[in-house]
Chemist: 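Okay, handing you the structure first.
Each chain gets a letter, A, B and so on, in the order the sequences are listed, and its residues count up from 1. Keep in mind that this is a model prediction, so the values were computed, not measured.
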There are 2 protein chains.
Amino acid sequence: MTQKGFRGPQVCSIVGISYRQLDYWARTGLIGPSLEVAKGSGSQRVYSYTDLVELKVIKALLDSGVSLQSARKAVECLRGDLKQDLASASLVFTGSKSILAFSGEEVVDLLQGGQGVLAEVFNIVPLKGFIKELQSSIEKLDFDSTRSVHEPRSLIPKT
Amino acid sequence: MTQKGFRGPQVCSIVGISYRQLDYWARTGLIGPSLEVAKGSGSQRVYSYTDLVELKVIKALLDSGVSLQSARKAVECLRGDLKQDLASASLVFTGSKSILAFSGEEVVDLLQGGQGVLAEVFNIVPLKGFIKELQSSIEKLDFDSTRSVHEPRSLIPKT
DNA sequence: AGACCAAACTACAACCTTGTTATTTAGGTT
DNA sequence: AACCTAAATAACAAGGTTGTAGTTTGGTCT
């Protein structure tokens, strides 16, 4: 049994974004479906759980007022680290760099700039709450009547 | 002697923004000249020091990737507090609220959400470094040959 | 094979922000 | 009063992002 995949409209529901946004982000290279790309109209994109984490972070950044262009840069550092325990991490980014901090002390160090005086703005994304929400949304989906990837129709209750 | 004022082009030089930006921000109500509004083409806007602090913060937010619309909301909380010592404060804002924190502990508390698990992004602006830069830029201006507000021409060296 | 449906694709509008260029005009000097 | 300069004003284009509506087509079922 391979990794569980999520199709486009499911992803929108889980993460809380519009289909237009998801499509635009996939087309402009921000984040696409890592399990399966689309083969044309009528086919399906298939996203992984880790794609969903990343999308959730992007959405969070947008909600906090960060522009999509900056969110693009910020999530880059999530891509090499998704094997570690993200729920205990915080993404910290400024205009010029972004890193994952794995302790509250690390975050405080960054804020204080090692006792220097930096003219810098910090955007901090504690991942715990977002991952919790994401998992809750995924569980909720299991009870919904919407289709999973390439699921036979006859097994779906009528809506 | 009234408060020192700064004219439009000086402000752009001090804060590090384009004239177009300053003009747009004044016209769209983000921040305008608190000492004197423009009386038409050929006249001068006159900005105060506190206007400059605010502009510097807005610029910093833009540089960190925050959208102008969000920066508008974020700086609102500076407006009631400019009589206190800003250099020891940090502006902290999320998508939904913004406050000034006057100690590092206060900032850490906000990040930890009082031990709750919040799904929230924090944008943190430690003001010290920005105010330092601003003051440095203003001092540098005093040696420049550019005109101050309504300054007689004959006192200006030829450029 | 044909019918159907869901998902991707396409095209355009709207909005926000900034850059560029040209025009207007307040304020200072002679 | 005439002239000059700097600063504000006006107009338009461009880029990025999202919403809306219509079209195409892969995949499933009969």
Side-chain angles (χ1 to χ4, degrees), chain A residues 5-13 15-33 35-47 58-59 61-63 65-73 144-156 158-159, chain B residues 5-13 15-33 35-47 58-59 61-63 65-73 144-156 158-159:
Chain A
F6 303 88
R7 21 171 223 97
Q10 282 180 318
V11 172
C12 296
S13 174
V15 174
I17 58 178
S18 70
Y19 185 84
R20 184 74 190 87
Q21 283 177 305
L22 187 68
D23 192 42
Y24 180 77
W25 298 350
R27 291 173 182 283
T28 52
L30 171 57
I31 176 161
L35 294 188
E36 213 171 305
V37 297
K39 286 175 282 282
S41 292
S43 66
Q44 301 193 327
R45 295 183 174 114
V46 186
Y47 292 81
I58 290 165
K59 171 66 159 60
L61 291 170
L62 292 184
D63 285 348
V66 172
S67 68
L68 189 65
Q69 284 192 32
S70 291
R72 286 178 187 264
K73 282 183 267 175
D144 281 4
S145 59
T146 50
R147 281 163 76 199
S148 184
V149 176
H150 295 316
E151 193 163 307
R153 284 185 208 164
S154 57
L155 297 184
I156 304 170
K158 300 280 176 118
T159 60
Chain B
F6 303 88
R7 16 169 227 101
Q10 281 178 319
V11 172
C12 296
S13 173
V15 175
I17 57 177
S18 70
Y19 186 84
R20 183 76 188 88
Q21 283 177 304
L22 187 67
D23 192 42
Y24 180 76
W25 298 350
R27 288 172 185 286
T28 52
L30 171 56
I31 175 161
L35 295 187
E36 213 173 306
V37 296
K39 287 177 280 283
S41 292
S43 65
Q44 300 192 328
R45 295 180 175 114
V46 186
Y47 291 82
I58 291 166
K59 172 67 159 57
L61 290 171
L62 292 183
D63 287 347
V66 172
S67 68
L68 189 64
Q69 284 195 30
S70 291
R72 287 178 186 266
K73 281 183 269 177
D144 281 2
S145 58
T146 52
R147 282 162 78 199
S148 185
V149 175
H150 295 319
E151 192 163 309
R153 282 186 209 164
S154 60
L155 298 185
I156 304 170
K158 300 280 175 120
T159 59

Chemist: Apply the side chain to side chain contact (heavy atoms under 4.5 Å, CB included) test between A:R45 and each candidate in A:L22, A:D23, A:V11; give the one that qualifies.
Modeler: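 Among A:L22, A:D23, A:V11, the one meeting side chain to side chain contact (heavy atoms under 4.5 Å, CB included) with A:R45 is A:D23.
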
Chemist: Rounded to whole angstroms, how far apart are NZ on A:K39 and C1' on D:dT24?
Modeler: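 My rounded result for the distance is 16 Å.
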
Chemist: To the nearest Å, how far apart are A:D23 CG and C:dT10 P?
Modeler: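 So the CG-P distance, A:D23 to C:dT10, works out to 9 Å.
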
Chemist: Atom NZ of A:K59 to atom P of D:dT17: distance rounded to whole Å?
Modeler: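 A:K59 atom NZ is separated from D:dT17 atom P by 16 Å.
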
Chemist: Just how far, in rounded Å, is P of D:dA6 from CZ of B:R45?
Modeler: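 Distance check: B:R45 CZ to D:dA6 P gives 18 Å.
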
Chemist: Would you please name every residue forming a side-chain contact (heavy atoms from CB on, under 4.5 Å) with B:D63, sequence neighbours left out?
Modeler: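 B:D63: side-chain contact (heavy atoms from CB on, under 4.5 Å) contacts with B:K59.
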
Chemist: Just by protein heavy atoms under 4.0 Å, how would nucleotides 16-24 of chain C read 5' to 3' in B, S and -?
Modeler: SBBBB---B

Chemist: Working to the nearest 0.5 angstrom, can you tell me the gap between A:R72 CZ and A:L61 CG?
Modeler: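 Separation between the atoms: 13.0 Å.
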
Chemist: Does B:S41 have any side-chain contact (heavy atoms from CB on, under 4.5 Å) partners at least two apart in sequence or in another chain, and if so, which?
Modeler: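 With sequence neighbours excluded, B:S41 shows a side-chain contact (heavy atoms from CB on, under 4.5 Å) to no residue whatsoever.
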
Chemist: Specify the closest pair of heavy atoms between A:S43 and A:G40, including all atoms of both residues, with the distance to one decimal.
Modeler: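 Nearest pair, atom of A:S43 first, then A:G40: OG-O, 2.6 Å.
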
Chemist: Return the value, rounded to whole Å, for the distance between atom CZ of A:F6 and atom P of C:dA6.
Modeler: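 Taking atom P of C:dA6 as the reference, CZ of A:F6 is at 21 Å.
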
Chemist: What's the OH-P distance between A:Y19 and C:dT10, to the nearest Å?
Modeler: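 Checked: the OH to P distance equals 12 Å.
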
Chemist: Mind calculating the distance between CZ (A:R27) and P (D:dG16) to the nearest angstrom?
Modeler: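 A:R27 atom CZ is separated from D:dG16 atom P by 17 Å.
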
Chemist: Do the side chain of A:S70 and the main chain of A:V66 share a donor and acceptor less than 3.5 angstrom apart?
Modeler: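 Not a single qualifying donor-acceptor pair exists.
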
Chemist: Where the side chain of B:P9 is defined as all heavy atoms beyond and including C-beta, which of C:dA26, D:dA8, D:dT9 is the nearest nucleotide?
Modeler: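 Selected nucleotide: D:dA8.
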
